[in-house]
Amino acid sequence: MHPIPASRNRPPATTLAGLAAAALVSAVIPAAAGLAFLISLAARRPLVAVAARRWPWLTGRPAAQPPHRALTGLTAAWGIGLLAAAAVQGAGALTGRLALTSPASFAARALIALAVEAILAALTITWLHRSPAPRPAGPQRNS
C-alpha cells in the first residue's frame, strides 16, 4: 500500500483562502458593529434611536419617540453584546476550537453571532413595546 499524498487530503489553496477571509470578516463585523454602537453613545446619538425613528413599527409608537434613557440602554446592550459575540468567536479561534479554515467552525461562529443578534433583537423589540405611548385625547362621550 502506498500512502496517499497530503495534497489530495487538503482542500485547494483558494478554498482555504476563501474560508479564512470569510472567517476574518465574520469575526470583524460584530466587533465593528459593536464599536459603532458604543461610539454612537459617546457622540450622544444612540443608534437604536436612529432605528426607532426610521422604522417606527419597532417601537409601536409611530407618533412618539421612546425615552432617551431606554434608547441609550438598548444601544449600550447592542454594543456590548456584539463585542461579546466577537470576543467569543476570537477566543474560539485562538484556542483552536474554531479553526479559521474549517467549514464546521465557520458555521459555529455564524450561529454564535446569530444567536446573540436574535437575543438582542428580541430584547430590543420587547423593551420598546413594553409600555405603549399614551393615546391622544379624543372627543369624550357624555354618559
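Quick caveat: nothing in here was measured; it's all calculated off a predicted structure. We're numbering straight along the sequence, starting at 1.
Counting only heavy atoms from C-beta outward, the side chains of Val48 and Phe37 approach each other to under 4.5 Å.
One finds the CG atom of Leu47 at 9.5 Å from the CD1 atom of Ile39 (value rounded to the nearest 0.5 Å).
Follow the hydrophobic side-chain contacts under 4.5 Å out from Ile112 and you never reach Leu83; the two are in separate clusters. Taken together through direct or relayed side-chain contacts under 4.5 Å among Ile, Leu, Val, Met, Phe, Trp and Tyr, Leu74 and Leu38 form parts of separate hydrophobic clusters.
If you run side-chain contact (heavy atoms from CB on, under 4.5 Å) between Trp78 and each of Leu82, Ile80, Thr75, only Leu82 comes through.
Counting all heavy atoms, side chain and backbone alike, Gly81 lies closest to Leu120 at CA-CD1, 4.1 Å.
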